[in-house]
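Worksheet: the structure to be examined is printed underneath.
Only heavy atoms go into these numbers, but all of them, side chains included; no hydrogens, no water, no symmetry mates. Order of listing sets the numbers, starting from 1, for every ligand and every atom in it.
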Amino acid sequence: MSPSATSNGTTNGATNGAHSVLDWHSFCNVIDGKLTTTEKTRTGINPATSEPNDPVPVSTPEDVDRAVAAAEKAFPSWADTPYGERRKAVNAFADALEGEKENFAKLLVKEQGKPLHFARFEIDFTLQIMRTVTSFDLPTEEIVNEPDRRVLVRYVPLGPTVGIVPWNYPILLACGKIAPALLTGNTIIIKPSPFTPCGDLKLCELGQRFFPPGVLQCLSGDDNLGPWMTAHPGPRKISFTGSSATGKKVMASASATLKRVTLELGGNDPAIVLDDVDVEQVAPKIATLAFLNSGQICLALKRIFVQEGIYDKFRDAMVRYTQTLKMGEGNEDGVFLGPIQNSMQYERVKGFFAEIEQQEQKVAVGGKNPDGKGYFITPTILENPKDESRIVTEEPFGPIVPLLQFTTEEEAVARANKTNLGLGASVWSGNVERANKLAAKLEAGNVWVNTHFELDPRAPFGGHKESGIGLEFGMGGLKGWCNSQTLYLRK
Ligand code: NAD
């Protein structure tokens with residue numbers, strides 16, 4: 001925030017950020033089309049260097065009231081704006097994001113910690129999601145057409161909504177909510193993670209160029225802010241991405257006013273590697289999918305079941321590849337693993353390392369972490385820890401993964417499904433028919449054969465079991481931002 005910012009008012013010289021050049025060192029709430037400040041601010045750190053980032057607002061309950069009131073005020077005319085006009089506005093927003101891609105990518109490196117080339121990929125995939133969403137039409141459906149009557153179903157917006165975003169893909173996950181929410185005629189308030197607020201604040205500031213005041217807003221704050229927003233009677237929907245534990249709290253809070261919820265939650269994704277794979281080809285892919293974003297992906301591979309006949313060869317190939325992965329600050333050349341994003345998560349991941357000694361787990365590679373600046377964790381593969389151990393039953397959300405040997409396909413499926421989570425799962429085989437048969441038995445919202453984490457925003461995405469409720473992406477995701485309204489027309 002600029003030193004000249006006034007408390008709970010607009011920043012001096014920037015009343016709505018509408019056409020001014022973005023300032024990458026000043027971060028404000030966006031309320032009712034204005035950049036606003038708060039009395040209290042907080043400062044995050046760069047997780048690779050421990051250097052402080054720029055200060056951000058700490059919103060109060062009054063800020064939430066003001067944002068919800070602005071969202072309610074803006075809703076009727078935005079809902080009345082023709083679909084085609086809303087589509088144009090969202091596309092123009094995507095184009096502007098593309099124009100600022102390098103700045104957002106650099107900010108992601110500084111704030112989130114991920115390597116620059118992966119930060120650029122986050123923006124590219126965000127654009128793909130936004131443009132795919134706007135390619136959809138949502139026409140009224142004719143269910144009955146009889147001589148004396150017609151029955152139609154149309155999709156109407158919900159009203160003011162809230163998007164709650166985690167810290168692992170702050171831009172992508174925010175835009176995955178903003179684009180469908182606004183296209184379908186809702187207004188939305190984004191709440192970033194307190195660990196990665198800057199990118200989302202700047203994103204919504206940029207959005208003010210394309211949407212009327214109150215349509216797209218953003219509030220940053222501390223741990224109180226999320227619960228204030230989910231408990232507020234104004235919003236009609238909470239779209240939440242985060243952990244399963246928090247998702248349950250969000251749903252409980254939303255139940256008081258029966259707000260709609262979409263919950264995209266945690267995963268403990270298994271890969272089942274059958275004995276007919278090309279080991280040298282598959283092992284590096286599996287390692288990549290386990291350690292990408294330093295394991296901080298809901299859909300990262302978190303349990304790798306390998307069939308008996310190839311186990312040793314597969315482990316050796318995976319170890320060799322893992323040893324080539326460079327760890328470091330995101331601007332360094334060739335870095336694959338950045339740091340863990342925040343101290344809380346860093347301590348949690350280190351907890352899994354503490355269990356290596358306590359439980360005498362066998363380490364294939366890694367196992368020891370560097371001292372010094374930054375929350376760095378060495379990519380680590382454990383061999384056959386007990387199925388009851390935390391590294392198998394819980395989501396570590398860091399670059400540590402167990403290899404688990406199995407004998408029969410039935411055994412692999414049973415062990416893969418033995419979890420309360422069901423986000424993604426994959427089967428790897430030289431024989432697609434064989435793999436398909438197993439894939440059909442896996443309990444997960446997204447199942448892949450010979451790949452994993454390969455998402456297509458034209459297709460719906462969501463979790464089974466405690467990995468979530470509802471969908472994002474695809475037509476299913478778009479309809480999740482609407483009430484279905486059935487119209488009976490007697491002629
Ligand atoms: P988190 O649940 O701690 O926080 C997510 C967001 O919720 C943050 O903005 C946080 O401030 C907010 N929040 C915290 N408590 C709240 C409450 N009581 N009410 C309302 N909001 C609250 O998750 P995280 O640590 O930021 O993210 C990691 C988790 O997210 C992992 O479990 C990961 O698997 C999951 N995730 C899921 C998906 C998916 O699409 N399924 C995608 C990315 C991450």
Exercise for the section: Please identify which atoms of ligand 1 are closer than 4.0 Å to at least one heavy atom of Val165. Expected result: 6 (C), 8 (C), 9 (O)
Practice task
Report yes or no: does a heavy atom of Pro227 sit under 4.0 Å from some atom of ligand 1?
Solution key: yes
Handout entry: Under 4.0 Å to a heavy atom of Trp167 - the qualifying atoms of ligand 1, by number
Key = 24 (P), 25 (O), 26 (O)
Exercise for the section: Could you list which atoms of ligand 1 come closer than 4.0 Å to a heavy atom of Val250? Expected result: 19 (N), 20 (C)
Problem - Aromatic Phe473 / basic Arg458 pairing, under 6.0 angstrom, 45° off normal - result: no
Exercise for the section: Step by step, work out the salt bridge (charged side-chain N to carboxylate O under 4.0 Å, His left out) result for Glu205 and Lys34. Expected result: CA-CA 8 Å; Glu205 179 182 333; Lys34 298 183 182 67; over 6 Å; no
Fill in the blank from the handout: So for Ile297 against ligand 1, with non-hydrogen atoms under 4.0 Å, the contacting part is neither
Practice task
Indicate whether the side chain of His452 and that of Asn446 have a donor and an acceptor atom separated by less than 3.5 Å.
Solution key: no
Practice task
For ligand 1, indicate whether the residue Phe397 contacts it via side chain, backbone, both or neither (heavy-atom separation under 4.0 Å).
Solution key: side chain
Practice task
Give a yes/no on ligand 1: does Tyr169 have at least one heavy atom closer than 4.0 angstrom to it?
Solution key: no
Handout entry: Nearest non-hydrogen protein atom, atom 41 (N) of ligand 1
Key = Leu265 O, 2.7 Å
Handout entry: Ligand-residue contact atoms, ligand 1 with Leu423, heavy atoms, under 4.0 Å
Key = 41 (N)
Handout entry: Ile164 and ligand 1 - part of the residue with a heavy-atom distance under 4.0 Å
Key = side chain
Practice task
May I ask whether Pro194 has any heavy atom positioned less than 4.0 angstrom from an atom of ligand 1?
Solution key: yes
Exercise for the section: Just jot down the ligand 1 atoms closer than 4.0 angstrom to any heavy atom of Lys191, in number order. Expected result: 9 (O), 10 (C), 11 (O), 12 (C)
Exercise for the section: Identify which of Gly176, Ser193, Gly226, Pro166 has a heavy atom lying nearest to atom 20 (C) of ligand 1. Expected result: Gly226
Problem - Least distance between heavy atoms, Leu421 atom then Gly266 atom - result: CD2-O, 3.9 Å
Practice task
Check Leu173 against ligand 1 and report side chain, backbone, both or neither, counting heavy atoms closer than 4.0 Å.
Solution key: side chain
Problem - Basic-acidic side-chain contact under 4.0 Å: Glu111, Lys106 - result: no
Practice task
Let me know which of Lys237, Lys177, Glu472 forms a side-chain hydrogen bond (donor to acceptor under 3.5 Å, both in side chains) with Thr262.
Solution key: Lys237
Practice task
Check ligand 1 against Phe461 and write out every atom of the ligand that is under 4.0 Å from a heavy-atom position of the residue.
Solution key: 40 (O)
Exercise for the section: State, without any angle test, whether Ser59 and Asn29 hold a side-chain donor-acceptor pair at a distance under 3.5 Å. Expected result: yes
Handout entry: atom 4 (O) of ligand 1 touched by protein heavy atom at under 4.0 Å
Key = no
Problem - Residue pairs, two or more places apart or on separate chains, that pass side-chain hydrogen bond (donor to acceptor under 3.5 Å, both in side chains) and touch residues 293-302 - result: Lys302-Glu395
Handout entry: Donor-acceptor under 3.5 Å (Arg87 side chain, Phe136 main chain)
Key = yes
Handout entry: Residue portion contacting ligand 1 (non-hydrogen atoms closer than 4.0 Å) for Glu472
Key = neither
Exercise for the section: Do me a favour and list the nearest non-hydrogen protein atom to atom 7 (O) of ligand 1 with residue, atom name and distance? Expected result: Phe240 CE1, 3.1 Å
Exercise for the section: Pick, from Ala300, Gly424, Ser243, Cys298, the option with the minimum heavy-atom distance to atom 42 (C) of ligand 1. Expected result: Cys298
Exercise for the section: Heavy-atom contacts with Asn168 under 4.0 Å: which atoms of ligand 1 show up? List them by number with element. Expected result: 43 (C), 44 (C)
Problem - Proximal atoms of ligand 1 relative to Thr246 (non-hydrogen, under 4.0 Å) - result: 1 (P), 2 (O), 3 (O), 13 (N), 14 (C), 15 (N), 16 (C), 17 (C), 22 (C)
Practice task
For the residue pair Ser243 and Thr246, confirm or rule out a side-chain donor-acceptor distance under 3.5 Å.
Solution key: yes
Practice task
On the 0 to 90° scale, with breaks at 30° and 60°, tag the Phe210-Phe93 ring pair as parallel, tilted or perpendicular.
Solution key: tilted
Problem - Test item, Pro192 contacting ligand 1 (heavy atom, 4.0 angstrom) - result: yes
Problem - Results of ring pair (Phe, Tyr, Trp, His ring centres under 6.0 Å) for Phe336 - residues two or more places apart only - result: Phe118
Handout entry: Basic-acidic side-chain contact under 4.0 Å: Glu100, Lys202
Key = no
Exercise for the section: Indicate yes or no: does Asp387 engage Arg415 in a salt bridge with an N to O separation below 4.0 Å. Expected result: yes
Problem - Nearest non-hydrogen protein atom, atom 34 (O) of ligand 1 - result: Glu395 OE2, 2.6 Å
